[in-house]
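Only one structure is covered here, and it is reproduced in the block below.
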Amino acid sequence: MLSVAWLLVSLLSLSLPKTSASSEVGLEARAADPCVAIAGQKWVAPADVRNCFKSFKVDQAIKTNILDVVNKTLAFHTSVNYQIQAPPPFQNDVHEDLLKDIARIRTTNYASDYDLHVDLSRTLKRLNDGHCVWINRCFDSSFVNFLPIPLVLLTEADGKTQNVHIAPEAFTVATAEFPDQIDVWQNSLKGSLKGNLQSLSGAKVLLINGLPPNFAVDANAKITGSFQGLGTRQNTFFSSYQRATTGWSYIMGNFAQQSLPLDDDVTLLLQRVNHTLPEVVKLPYRSRIGAAIAPFTDGPSFRANNCVAVPGTNGVDINAASLARVAPAEVPLIQAQQQPPVPIEVQRKHLVNVFMDGSPLSDVVLPPGLTPPSPVNGSLNAAQFYLLADGKTGVLALGSFSDNSFEDLFNALLNGLLNLKSLGATQLVVDVTNNGGGFICIAHYLHRLIIGPKDTTVPQAGLDTKARAGPLAQLIVKEIVENNADPREQLLYNPANWRNASGEFFAPTDDWLQPPVQLTINGHRDAFSQRLGQECQPESFVTPPPDTALFAPNKVVIVSNGRCASSCSLFSITMSKEEGVKTVVVGGRQGVQQQYCGTVGGQSTDFSTIDTEIKSTGLKNNSLAPPDLVVNGVQGITWRLGFGLDDKNAPEEWQNHPADLNLPLTTKTINNPVAIWEDLAKRFF
Ligand SMILES: *[C@@H]1O[C@H](CO)[C@@H](O)[C@H](O)[C@H]1NC(C)=O
Ligand SMILES: *[C@@H]1O[C@H](CO)[C@@H](O)[C@H](O)[C@H]1NC(C)=O
Ligand SMILES: *[C@@H]1O[C@H](CO)[C@@H](O)[C@H](O)[C@H]1NC(C)=O
Ligand SMILES: *[C@@H]1O[C@H](CO)[C@@H](O)[C@H](O)[C@H]1NC(C)=O
Ligand SMILES: *[C@@H]1O[C@H](CO)[C@@H](O)[C@H](O)[C@H]1NC(C)=O
């Protein structure tokens, strides 16, 4: 009896305050959820975003799922063993043992899901390979961290000294892009600088957080990933431009834009233009909600609406009677590709080699004063043609090798080049700044259009390639050739899509992965396909090209900030190494060899595409098959790797691509395409 009475009393005493205060308890629980603080807002403090992200505990089942998907997808990535230790000149840049590190991550305990993400993401970024990246939309660019003062690296009037400056156009860019936040920055400035953000534009940066600016540049170069060359990763810190589909974009650079809420503020020691005394300025980073983030009210709804797999995350059985169609702009792979959205069906027909990034394509606008004037007739989307005031220098500004139509892009390149010639152009600048690649065959066709028919362009101008022949890849091909698993010839592994090293198509029943080519790479046994010939044959030209060269090789210069990747690399490398075309990188640090391109690959793809190959051949139950991914993520890979031109039996990926010139940028030429092109025309022609 006593115990029952005690129990009753205890229950009553417990339940009484509980019921009366139930709404307060609810409020406390909500207040304890840091995601509530950032819900429903466009601009927030990065610390608040971090608190929200760090409130997500690691779910072991989800962690295992992610690591299984990544690790098993890597069996299809050509470069895993090569990347354990790259040869010179990249021996200090690429030395990541991925499988070892994934095993380490499996056994590491993380304070939060965010900490796990940062470790996994950076592990892949250490490859410095923009094809093989892990992107989790739950975190990457779901909130984007901004400062209103993008930086640039300028060469001073003496022609030698380099200094970091706040971009002269910084205030113009920031007021146009952040009209609803600029006051926060204006008011955060102290003393006479308050409200005077404009006066910082062009200032020389003496210290960043108490250290010479190069420390911050180099710290970023260690984690930004994507390009083998140190110079290119240094350049990524600074702002730049890109010809995008609908106009000229401004790329803020890694100092002024972060895809994760890494930093809360920055303290700079500055010397403003026309001032002699240095001043200390502190500015907060502000975090803007990503365009693709679905509304949420708290942590659980943020996770449910933004962090789980979506249509397109995983592959499909391509032979199924009906396939759900996902709008291209919604497909996770397409969102990560640094090219105008190209529908998956088009990518299947016109293969792509394209760079991926956790940041979507920039929609920040290059200010009017820096934007090139009217283009020449024939210009289309990311391919714009200009004739300089000298009347003889034509310019092709090409921000991507992709377009929503392969045919239209081919015709635009042909007509634009012909138009330039008919207007009197005798020399050509090709500006591929921030060109992340695109259609492989457009890259080789452009080479053929400019250079004309010769032994390096006929039958075509590309690289031979190889795919990896892991055990599951071998089974996929077997299912296709022995069991007719791909009757409509839609799969990557279908022999009908490929030619052997003599340029002959395989027969539909040729098992092109047999026998695998066995290699030992960095002490690890590996297996690849036989050498594949090239697929961009003249019979698939959209329009017959002229039968003479449009420009002589010594009358062509290719220029970029080094961030020319994938198909852009295929184009630049063959133009440089086979035709002797000169290459230029703008604004790189003196004394650091600039690479005119990086992330070469051969053909890129991702987990969802490999998953389609697996599902369509009935192999999803195989123990080597990655499970369906349960989070809103993308894992990119290099599926075919191009053979080299200098060393013909080694991959081109880690061979040297030294730019002929590191063009100094000044206050007159910085982020000013026309001024850069005019400078190049004077120096080279
Ligand atoms: C990753 O995959 C490799 C095969 O590619 C396998 O040998 C290894 O055990 C896997 N590691 C982990 C940690 O899953
Ligand atoms: C700096 O001084 C020069 C020469 O007096 C002047 O032309 C220029 O407009 C000034 N710039 C700024 C930002 O004050
Ligand atoms: C532009 O070029 C197209 C095809 O190249 C041609 O049809 C059109 O007449 C041209 N327009 C002008 C204004 O030159
Ligand atoms: C390519 O295929 C053709 C036709 O089957 C054959 O004659 C040729 O030897 C093959 N080339 C190579 C390098 O295997
Ligand atoms: C995989 O295995 C499950 C359960 O054993 C079975 O129901 C399913 O049909 C199998 N799927 C395929 C594609 O073989």
Side-chain angles (χ1 to χ4, degrees), residues 60 63-84 96-108 116 119-120 123-124 132 134 149 154 157 165-172 192-193 196-204 270-276 279 369 459 464-466 468-475 495-496 498-517 521-535 537 607 610 614 622-627 635 637 643 648-649 667-668:
Q60 288 305 328
K63 177 183 172 187
T64 301
N65 173 263
I66 293 172
L67 294 179
D68 281 349
V69 167
V70 172
N71 197 56
K72 289 177 169 176
T73 302
L74 289 174
F76 296 84
H77 173 53
T78 50
S79 312
V80 174
N81 287 321
Y82 288 107
Q83 289 169 327
I84 293 174
E96 165 60 32
D97 189 334
L98 266 186
L99 299 188
K100 207 169 169 182
D101 247 338
I102 290 174
R104 171 187 62 78
I105 292 171
R106 255 188 223 277
T107 57
T108 302
L116 163 63
D119 194 359
L120 180 59
T123 294
L124 283 135
C132 189
W134 164 249
I149 48 165
L154 296 185
H165 287 253
I166 293 180
E169 66 279 3
F171 187 73
T172 312
S192 64
L193 286 175
N196 209 359
L197 183 63
Q198 175 155 25
S199 74
L200 303 187
S201 292
K204 186 195 287 185
L270 294 177
Q271 185 185 353
R272 281 189 287 159
V273 177
N274 293 346
H275 288 245
T276 43
E279 297 159 282
D464 288 356
T465 56
K466 64 180 179 182
R468 205 163 178 211
L472 190 54
Q474 292 185 38
L475 288 176
W498 305 109
R499 295 169 192 257
N500 71 12
S502 329
E504 300 286 338
F505 268 120
F506 293 114
T509 52
D510 280 348
D511 190 334
W512 60 283
L513 290 188
Q514 299 306 328
V517 177
I521 303 165
N522 285 319
H524 293 253
R525 285 178 57 88
D526 210 335
F528 293 89
S529 72
Q530 61 185 288
R531 191 179 184 108
L532 298 177
Q534 306 169 27
E535 68 277 10
Q537 302 293 320
F607 156 71
I610 295 297
I614 293 169
N622 190 289
S623 64
L624 298 173
Q635 175 61 51
I637 60 168
F643 280 100
K648 293 192 164 28
N649 292 316
T667 46
K668 296 214 165 53

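Residue numbers run from 1 in the order of the sequence given. Both counts, for ligands and for their atoms, begin at 1 and track the order of listing.
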Worksheet item: Given the protein's heavy atoms, is any one of them under 4.0 Å from atom 7 (O) of ligand 4?
Response: no

Is it true that [X] and [Y] make a salt bridge, defined as a side-chain N closer than 4.0 Å to a carboxylate O?
X	Y	value
K648	D464	no
R272	E279	yes
D68	R106	yes

Worksheet item: So, the side chain of E535 versus the backbone of L532: is there a donor-acceptor pair under 3.5 Å, distance only?
Response: no

Worksheet item: For the side chain of K63 and the backbone of I105, is there at least one donor-acceptor N/O pair under 3.5 Å apart?
Response: yes

Please state which protein non-hydrogen atom is closest to [atom] and give its distance, to 0.1 Å?
atom	value
atom 4 (C) of ligand 1	L99 CD1, 4.4 Å
atom 13 (C) of ligand 2	V273 CG1, 3.8 Å
atom 11 (N) of ligand 2	N274 ND2, 3.0 Å
atom 2 (O) of ligand 1	N71 ND2, 2.3 Å

Worksheet item: Considering all heavy atoms of both residues, which atom of R499 and which atom of F505 are nearest to each other, and what is their separation?
Response: NH2-CE1, 3.2 Å

Item to complete: Considering non-hydrogen atoms only, spot the tightest contact between V80 and L74 and give its length.
Response: CG2-O, 3.4 Å

Practice prompt. Report, in ascending order of atom number, the atoms of ligand 4 lying under 4.0 Å from any heavy atom of S502.
Written response: 1 (C), 8 (C), 10 (C), 11 (N), 12 (C), 13 (C)

Discussion item. Below the 3.5 angstrom mark, is there an N/O of N500, backbone or side chain, next to an N/O of ligand 4?
Written reply: yes

Worksheet item: Looking at ligand 1, does any of its N/O atoms fall within less than 3.5 Å of an N/O of D68?
Response: no

Discussion item. Heavy atoms only, cut-off 4.0 Å: how does R106 contact ligand 1, side chain, backbone, both, or neither?
Written reply: side chain

